[in-house]
Amino acid sequence: MSLTRVQQISISLDGFATGDGQSRDAPFGHAGERLHEWMFATRWWHEREGEPGGTGGIDDTFLRQFATGIGAELMGAGKFGPPGWHEDPDWKGWWGANPPFHTPVFILTHHRRPPIEMDGGTTFHFIDAPPAKALEAAREAAGGQDVRIGGGPTIIREFLAARLIDHMHIAVVPILLGRGVSIWQGLEGLENDYDIEATSSPSGVTHITFTRAGL
Ligand SMILES: NC(=O)c1ccc[n+]([C@@H]2O[C@H](COP(=O)([O-])OP(=O)(O)OC[C@H]3O[C@@H](n4cnc5c(N)ncnc54)[C@H](OP(=O)(O)O)[C@@H]3O)[C@@H](O)[C@H]2O)c1
């Protein structure tokens, strides 16, 4: 069965997955890199960057699920680029010539453009559709594997509100941002739909998993 999964979304204690004022120089706005420092410390991240070392504990174990069983990603226009990227015909995302997805990636946007084939198996497709329709397209491209909803927070909220997420891993980072884009706003009572587990890491991050009840 092909599941719809959210993997390793980092949020602050007050529920923000990105800060205020996103721009080309500040992909996470005023949050800077504070939401992801725990990730940069791990062996998984070091391997991705071609560097030795890194921690091999629970944070690393959670991160290694990022690509396992994933056949396609769906992301929002706000993750693909900074505000105004659609006015730049050469914009191909933040990740360089060989993005870390290695699958078809569907970008939800009101500014469609032709697909872009990147190195390493990533192809960006631009789609303007309600969540359920977009998921159908991604699922077909995933060839029986799972679909990752890659963020940002606005599309994760949309997919949660439409009851389309089967499994979700959130990393709660012990910082307060005070402002930004919330992952939870408008989702009162969401916990009733899921079996929820929390695991504390010595790094200070709490990993919370949501598994659709009865799955
Ligand atoms: N903390 C983390 O782990 C994490 C993970 C991923 C991303 N992020 C951060 O999150 C931020 C982006 O998140 P965000 O919440 O601002 O934006 P987002 O969720 O990436 O994208 C929202 C945008 O997608 C388009 N869209 C959404 N639903 C659509 C639909 N049904 N049909 C067509 N287009 C649709 C709209 O853009 P248009 O109308 O402009 O097309 C909308 O404004 C970035 O700062 C990124 O770095 C954080």
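Remember, it's 1-based here, ligands and their atoms both numbered in the order they're listed. These numbers come from the heavy atoms of this one structure, side chains and all, not from hydrogens, waters or symmetry mates.
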Next item on the list: Look only at the side chain of D146 and the backbone of L3, and say whether a donor-acceptor pair between them is shorter than 3.5 Å.
Entry: yes

Donor-acceptor pairs are to be reported for all side-chain atoms of residues 151-163 against protein atoms at under 3.5 Å, with residues two or more places apart or in another chain.
| residue | atom | partner | partner atom | Å |
| --- | --- | --- | --- | --- |
| R157 | NH1 | S182 | O | 2.5 |
| R163 | NE | D193 | OD2 | 2.9 |

Margin query: Test of understanding: with side-chain contact (heavy atoms from CB on, under 4.5 Å), list the residues that count as partners of P104, not counting sequence neighbours.
Written below: F106, H125, A141

Next item on the list: Indicate the ring-plane relationship of H86 and H111, choosing parallel, tilted or perpendicular according to the 30° and 60° boundaries.
Entry: parallel

Notebook entry, point to check: Is a side-chain donor or acceptor of D20 paired with a backbone partner of R179 at a separation under 3.5 angstrom?
Noted result: no

Check: Using a threshold of 4.0 angstrom between heavy atoms of the protein and any atom of ligand 1, which residues qualify?
Finding: Q8, I9, S10, A17, T18, Q22, P27, F28, H36, G76, A77, G78, K79, L108, T109, H110, H111, D128, A129, G150, G151, G152, P153, T154, I155, E158, V181

Notebook entry, point to check: What residues, two or more places apart in sequence or in another chain, satisfy ring-ring contact (aromatic ring centres under 6.0 Å, His included) together with H30?
Noted result: none

